[in-house]
> 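Have a look at the structure that comes next, please.
Throughout, a chain's letter reflects where its sequence line sits, starting with A, and its residues are numbered from 1.
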Amino acid sequence: MQPILELYNVGYTYHTTAGETVALKDISFFVNPGEFISIVGPSGCGKSTLLNIIAGLLSQSQGELLINGMPRGDYQEPVGYMLQKDHLLEWRTIYRNITLGLEIQKTLTPDARQRIDTMLKTYGLFDFKDAYPRQLSGGMRQRAALIRTLALSPKLLLLDEPFSALDYQTRLHVADDIGNILKQQGITTILVTHDLSEAISMADRVLVLSSRPGMLKAEYAIELSIEPRTPRSSRNAPEFRDYFNAIWKEVDNEQH
Amino acid sequence: MSNTKSVNTKRHRERKSTNSNSSQISAEQAEFLRKQRNDKTLICGIQWLIFIGFLILWEIAAGQEWINSFIFCSPSIIAKCFWEMLQGGTLFQHVGITLLETFVSFSIVILGSILIAILLWWNPKLSKIMEPYLVVLNSLPKSALAPILIVWLGANYQTIVVCAISVAVFGSILNIYTGFITVEPEKIKLIQTLGGNRFDCLRLVVIPGSLENILSIMKVNIGLCLVGVIIGEFLAARAGLGYLIIYGSQVFKMDWVLLAIILLCIIAMLLYAILQAFEKKRRY
C-alpha cells in the first residue's frame with residue numbers, strides 16, 4: 001500500500017534576530033491511508049510546527065515530505081486543517097462559514113451544496129444553518145468547523161488540539177462525535193494533542209516527540225480489545241491504562 | 001426552506017414565552033420598571049427645562065437691557081434672522097455649501113484612507129517606511145496648514161475640501177490600518193489552510209472583520225471634516241456657515257454668527273445620528 005504521507009529526516013529551524021532555534025530534527029514516519037495518528041510531546045516540542053509543514057504553510061528546512069508519493073509543493077488537493085479554536089467568522093451564518101473553503105477554491109457546485117446539506121443533517125446542525133456562530137454552543141461550533149474542513153473533501157486531515165478550547169464534558173462528547181465521523185468516512189487523520197487519554201482513545205498509532213529540538217522518540221501501535229471501538233469505549237479497554245502509563249513515562253522523562 | 005420556517009417558529013415561540021412572562025411580572029418588578037421610567041422622564045424633562053429656561057432668560061436679559069442685545073443678540077432676533085434668510089433663500093445656500101463640502105471631503109477621506117490602509121497592510125515594508133510620516137502629520141495641528149493651502153491652491157472650494165481632508169485623513173488611515181493588523185492572526189491562518197491567498201485574507205477576514213471599526217472611525221471623521229470645512233471657510237470662502245460666522249463677526253451681524261453656530265450644532269448632531277443609526281442596523 002502506498003502511504004498517503006511520508007516524511008524523511010524532516011527538520012525545521014526558526015530564525016529570529018536573537019538567533020536560530022532548531023524546532024524539529026530528523027523526523028521520519030509514514031502514514032497509511034485511513035489511519036488515525038496522534039502526536040504527543042511536551043509543550044514547545046514543535047508539534048504545531050510539524051503540522052504547519054504538512055499543511056504546506058511552512059516548508060521544511062531539511063529532509064523530504066511526500067504526499068501520495070509527490071513532493072508537498074506538487075500536491076494540489078486540499079489538506080484539511082482544524083485549529084484549536086473554531087474561528088467561525090461571526091459576521092457569516094453557519095452555512096456561509098461552512099462554504100468558506102469552497103468559495104475560496106471556487107468549487108461551490110450544486111454537488112458540494114448537497115454534500116454539505118447531508119453533513120449538516122448528519123451532525124445535527126441543519127436547523128442552525130442560518131444562525132450566526134454566537135447563537136451556537138461550543139460543541140456545535142466545533143462541529144460546524146469540522147464540516148467546513150470536510151466540505152473540501154480532504155484525503156488528509158490535520159487536527160491541532162481541536163478540543164482544547166472546550167470544557168471537559170463537551171470535549172469528551174465532541175471527541176467521540178468527531179472520532180466516529182472520521183472513522184466512518186475513512187479520512188486519514190493526524191491529531192496533535194497534549195492530552196494523552198485523548199491521543200490514545202482516538203488513535204491507531206501514537207507518536208511521541210522529544211522536547212526541543214523535537215525528534216521522534218517512540219511509537220506505539222494502539223491495539224485495544226474492545227468492540228466496537230469508539231473514542232469513548234476505548235477508555236474502558238483493559239489495555240488503555242498500560243498504554244497511558246507507558247506514554248506518560250516517555251513524555252514525563254522529556255519534561256524533567 | 002421548511003427548516004428556516006421551523007427556526008422562525010421556534011424564535012416566535014420564544015418571543016411569545018417572554019411576552020407571557022412579562023404579563024405576569026411580580027409587583028416588585030412592576031415597581032422597578034415604573035421607577036426606571038420615572039427617572040427617564042425626569043432626566044429628559046430637566047434637560048429640556050435647562051434649554052428652554054436658558055432661552056427665556058437670554059430673551060428677558062436682552063429685552064430688559066441687562067445685556068447689550070447688539071453684541072449678545074437674543075433668541076427672537078436669531079429667530080427673525082432665521083426666518084428672513086429662509087425666505088431669501090440664502091440660508092439654504094450657506095447650509096448647502098457647507099454640507100456639500102463636508103460630504104465631498106468625508107467621502108474622499110473614507111475611501112482614500114481605506115485604500116491607503118489596504119496598501120499599507122498589503123506591504124508591511126511600506127507601512128514601516130511610512131509610519132513616522134503618518135504619525136507626525138497626524139499630530140500636527142492641521143489649522144496650521146490652512147494658510148499655506150490658500151497660497152498654494154487659491155481661495156476656492158478646492159482649498160476648503162483639501163483643508164477638511166487634511167484634518168481627518170491621517171488619523172483615519174492610522175486607525176483603519178491598526179484595525180487591519182489587529183485582526184486575529186489565527187483567522188488569517190484559517191484562510192490559508194483553506195487554500196486562500198493574501199487577497200482572500202483581505203476580502204474574507206480583514207475587511208469584513210474591520211467594518212465595525214471603520215464605522216466608528218467614520219463617526220469621528222464626519223465631525224472632523226466639518227471642523228476642517230469651517231476652518232477652510234474662515235479663510236477662503238464666499239459662502240457657507242464658516243463664512244457667515246467670520247463675515248458676521250467682522251461686520252457685527254451677531255445674529256448671523258449665532259444662527260450659523262446653532263445650525264452647525266444641529267448639522268453635527270444629525271450627521272452623527274445618521275451614522276449611528278447605520279451602525280445599529282449593521283449589528284448581527
Side-chain angles (χ1 to χ4, degrees), chain A residues 48 51-52 54-58 75-107 117 120-121 125-135 145 148-152 154 156-162 165, chain B residues 1-15 17-18 114 121 124-125 128 176 179-218 278-284:
Chain A
S48 297
L51 280 199
N52 285 340
I54 298 171
L57 300 178
L58 295 173
Y75 183 78
Q76 294 299 327
E77 282 172 65
V79 170
Y81 195 162
M82 258 178 96
L83 306 166
Q84 283 188 23
K85 286 203 267 166
D86 53 66
H87 291 297
L88 295 173
L89 304 178
E90 52 270 22
W91 53 86
R92 283 178 164 236
T93 60
I94 293 302
Y95 191 79
R96 296 204 57 225
N97 262 293
I98 288 169
T99 58
L100 193 64
L102 295 162
E103 276 175 49
I104 291 171
Q105 304 278 345
K106 300 192 174 60
T107 50
D117 281 351
L120 280 167
K121 277 176 196 150
L125 285 175
F126 196 79
D127 286 348
F128 295 91
K129 70 189 174 81
D130 297 315
Y132 284 94
R134 64 176 161 77
Q135 295 168 293
R148 177 182 63 200
T149 314
L150 295 184
L152 290 173
L156 177 62
L157 178 63
L158 312 172
L159 305 176
D160 187 0
E161 306 200 15
Chain B
M1 244 355 240
S2 63
N3 263 281
T4 31
K5 218 180 269 170
S6 90
V7 171
N8 281 341
T9 45
K10 210 180 276 170
R11 269 189 216 137
H12 190 67
R13 229 175 290 140
E14 273 167 29
R15 202 175 301 145
S17 72
T18 47
I114 290 174
W121 177 83
K125 261 201 199 96
K128 280 201 186 107
I176 293 177
F180 281 180
I181 56 169
T182 46
V183 165
E184 268 179 286
E186 288 272 294
K187 287 223 161 85
I188 306 270
K189 187 173 169 185
L190 167 77
I191 299 297
Q192 290 170 337
T193 65
L194 295 171
N197 53 26
R198 208 159 161 76
F199 181 68
D200 290 317
C201 294
L202 180 74
R203 165 175 83 90
L204 295 168
V205 171
V206 173
I207 290 181
S210 302
L211 274 187
E212 225 156 309
N213 180 40
I214 290 176
L215 269 172
S216 71
I217 291 167
M218 283 170 79
F278 197 63
E279 196 179 17
K280 258 189 202 142
K281 226 177 108 185
R282 254 204 53 80
R283 291 260 156 79
Y284 20 79

> For A:Leu120, is it the side chain, the backbone, both or neither that has a heavy atom under 4.5 Å from a heavy atom of chain B?
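When you check distances to chain B, no heavy atom of A:Leu120 falls under 4.5 Å.
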
> Can B:Leu194 and A:Arg148 be said to form a side chain to side chain contact (heavy atoms under 4.5 Å, CB included), step by step?
CA-CA 9 Å; B:Leu194 295 171; A:Arg148 177 182 63 200; 4.3 Å; yes

> Would A:Arg92 and B:Leu204 satisfy side chain to side chain contact (heavy atoms under 4.5 Å, CB included), going step by step from the backbone distance to the final call?
CA-CA 10 Å; A:Arg92 283 178 164 236; B:Leu204 295 168; 3.3 Å; yes

> Among A:Ile104, A:Leu158, A:Leu89, who wins on heavy-atom pairs under 4.5 Å with chain B?
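Highest number of heavy-atom pairs under 4.5 Å: A:Ile104.
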
> In a check of side chain to side chain contact (heavy atoms under 4.5 Å, CB included) between B:Leu190 and each of A:Met82, A:Lys85, A:His87, which one passes?
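Checked A:Met82, A:Lys85, A:His87 against B:Leu190; only one passes side chain to side chain contact (heavy atoms under 4.5 Å, CB included): A:His87.
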
> Minimum heavy-atom separation for A:Trp91 to B:Pro208, with atom names?
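Where A:Trp91 meets B:Pro208 most closely, the heavy atoms are NE1-CB, 3.2 Å.
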
> Quick one: OG1 on B:Thr193 to CG on A:Leu152, what's the gap to the nearest 0.5 Å?
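Those atoms lie 8.5 Å apart.
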
> Can you tell me how far OH of A:Tyr81 sits from NZ of B:Lys189, rounded to the nearest 0.5 angstrom?
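The distance works out to 3.5 Å.
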
> B:Lys187: which residues meet the salt bridge (charged side-chain N to carboxylate O under 4.0 Å, His left out) condition with it, sequence neighbours left out?
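With neighbours one apart ignored, the set is A:Glu90, B:Glu184.
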
